[in-house]
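In what follows, chains are A, B, ... by sequence order, proteins preceding strands, each numbered from 1.
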Number of protein chains: 2
Amino acid sequence: MGLTKSEIFTDEQNQLSTLLKAIAHPARIAILQRIMISNTCICGDLVGELGLAQATISQHLRELKTAGIIQGTVEGVSVCYCINPKTWKSLEEQLGVFLRSYKGETACC
Amino acid sequence: MGLTKSEIFTDEQNQLSTLLKAIAHPARIAILQRIMISNTCICGDLVGELGLAQATISQHLRELKTAGIIQGTVEGVSVCYCINPKTWKSLEEQLGVFLRSYKGETACC
DNA sequence: ATTGTATATTGCAATATTACGATATTTAAA
DNA sequence: TTTAAATATCGTAATATTGCAATATACAAT
């Protein structure tokens with residue numbers, strides 16, 4: 001079908017997978033790294049630095065924004081994007097719980 | 001196009017996004033949680049517990065296996081899957097570096 | 001060898017994602 | 001108010017993902 005059956009999973013599972021999907025693309029990882037380094041970033045800079053078209057980068061930015069991972073404010077003719085601290089913290093926490101629930105001592109196979 | 005331009009990104013970015021994509025699905029998160037809880041798990045159990053068809057679960061398991069996140073050994077007629085500790089640690093590290101590179105103090109927008 | 005059980009693979013339909021050119025929108029400056 | 005610059009949106013093509021029925025494969029027990 002091509003359509004995830006979200007209704008059979010918990011809210012936590014759906015929420016975490018949505019956040020992960022948003023960052024599970026090299027371009028979006030690169031964008032986030034760039035934003036974190038300068039703690040501010042405009043779309044035009046990214047177009048120069050990554051090798052993707054302006055429309056494509058704008059689209060990736062929108063996906064990150066829709067997921068709540070970044071937020072943007074208009075600065076004259078350009079837009080300043082930065083990390084949304086709340087979502088970032090939430091992602092860190094959810095991922096921490098998930099990753100740390102593996103106790104690696106006793107591998108079974 | 002529908003095809004990620006991997007060649008313009010670093011190996012680190014591509015590697016992390018590949019691992020993230022593998023776990024960025026509620027069914028695969030549920031499968032991993034189930035594997036971690038019992039530290040052993042066979043496909044049949046999952047078919048009973050999640051609401052997905054056997055073929056679908058088998059497919060998700062294969063994706064996790066291809067990404068190196070789980071490994072499986074044949075146990076008679078069934079298969080025992082468990083976390084691949086090496087990949088799991090690598091994911092924890094890569095994600096840790098990525099997530100912690102955000103210094104939340106000075107939000108700009 | 002045949003049967004039953006467990007998992008994998010194949011083939012397919014529906015939907016989602018990625019990328020980009022073309023165009024729209026928005027704002028600042030001339 | 002025209003022009004230029006920066007982003008956003010639309011439309012579209014190519015590819016990927018999700019899910020499942022049907023079938024294949026592998027093994028254990030009879």
Subject >> Separation of atom CZ in Arg62(A) from atom C1' in dA24(C), rounded to whole Å >> reply: 14 Å
Original post:
About how many Å separate OH of Tyr81(B) and CD1 of Ile31(B), when rounded to the nearest 0.5 Å?
Top reply: 9.5 Å
**OP:** Mind telling me whether His25(B) and His60(B) have parallel, tilted or perpendicular rings, with 30° and 60° as the class edges?
**Re:** tilted
Original post:
With respect to the phosphate group of dA19(C), does any side-chain polar atom (N or O) of His25(A) fall under 4.0 Å of OP1 or OP2?
Top reply: yes
**OP:** Pick base, sugar-phosphate or nothing for Val79(A), based on heavy-atom distances below 4.0 Å to the nucleic acid.
**Re:** sugar-phosphate
Subject >> Within-4.5 Å side-chain heavy-atom neighbours: Leu52(B) and Ile57(B) >> reply: yes
Subject >> Whole angstrom value for the distance that separates C1' of dT17(C) from CD1 of Ile23(A) >> reply: 17 Å
Original post:
To the nearest angstrom, how far is Ile70(B) atom CD1 from dA8(C) atom P?
Top reply: 9 Å
**OP:** Verify the contact: side-chain N or O of Lys21(B) to OP1 or OP2 of dT17(C), cut-off strictly under 4.0 Å; return yes or no.
**Re:** no
Subject >> Spacing of Leu46(A) atom CG relative to dA6(D) atom P, expressed in whole Å >> reply: 13 Å
Original post:
With a 4.0 Å cut-off on heavy atoms, is Glu75(B) in touch with a base, just the backbone sugar-phosphate, or nothing at all?
Top reply: nothing
Original post:
Taking atom C1' of dG21(C) as reference, at what distance in whole Å does atom CG of Leu52(A) sit?
Top reply: 14 Å
Original post:
In Å and rounded to the nearest 0.5 Å, what is the CG to CD1 distance from Leu61(B) to Ile70(B)?
Top reply: 5.0 Å
**OP:** Hey, could you give me each pair passing salt bridge (charged side-chain N to carboxylate O under 4.0 Å, His left out) that has a residue in residues 47-74 of chain B? Not counting sequence neighbours.
**Re:** Arg28(B)-Glu63(B), Arg34(B)-Glu49(B)
Original post:
Cut-off 3.5 Å, side chains only: do Ser17(A) and Gln13(A) have a donor facing an acceptor?
Top reply: no
**OP:** Please give the angle, rounded to 10 degrees, between the axes at the start and the end of the helix from dA1(C)-dT30(D) to dA30(C)-dT1(D), where five pairs define each axis.
**Re:** 10°
Subject >> Spacing of Asp45(A) atom CG relative to dA5(D) atom P, expressed in whole Å >> reply: 16 Å
**OP:** Work out which heavy atom in Gln71(B) is nearest to a heavy atom in Asn84(B); give both atom names and the distance.
**Re:** OE1-CA, 3.9 Å
Subject >> Given DNA chain C, 5'-ward residue of the pair Lys65(B) and Val77(B), judged by closest heavy atom >> reply: Val77(B)
Original post:
In whole angstrom, what separates Glu63(B)'s CD from dA16(D)'s P?
Top reply: 13 Å
**OP:** Could you walk me through whether Leu32(B) and Tyr102(A) pass the side chain to side chain contact (heavy atoms under 4.5 Å, CB included) test, one step at a time?
**Re:** CA-CA 9 Å; Leu32(B) 289 170; Tyr102(A) 170 57; over 6 Å; no
**OP:** Please check the phosphate of dA8(D) (OP1 and OP2 only) for any side-chain N or O of Tyr81(A) closer than 4.0 Å.
**Re:** yes
Subject >> Interface with DNA chain D, restricted to residues 53-60 of chain A and to heavy atoms under 4.0 Å >> reply: Gln54(A), Ala55(A), Ser58(A)
**OP:** Counting heavy atoms from C-beta on, name the nucleotide in dG19(D), dA8(C), dT18(C) closest to the side chain of Thr4(B).
**Re:** dT18(C)
Original post:
Between atom CD in Glu7(B) and atom C1' in dT18(C), what is the gap in whole Å?
Top reply: 13 Å
Subject >> Any donor-acceptor pair under 3.5 Å from Asn14(B) side chain to Thr10(B) backbone >> reply: yes
Subject >> Single-linkage hydrophobic cluster, 4.5 Å side-chain cutoff, Ile69(A) and Ile42(A) together >> reply: no
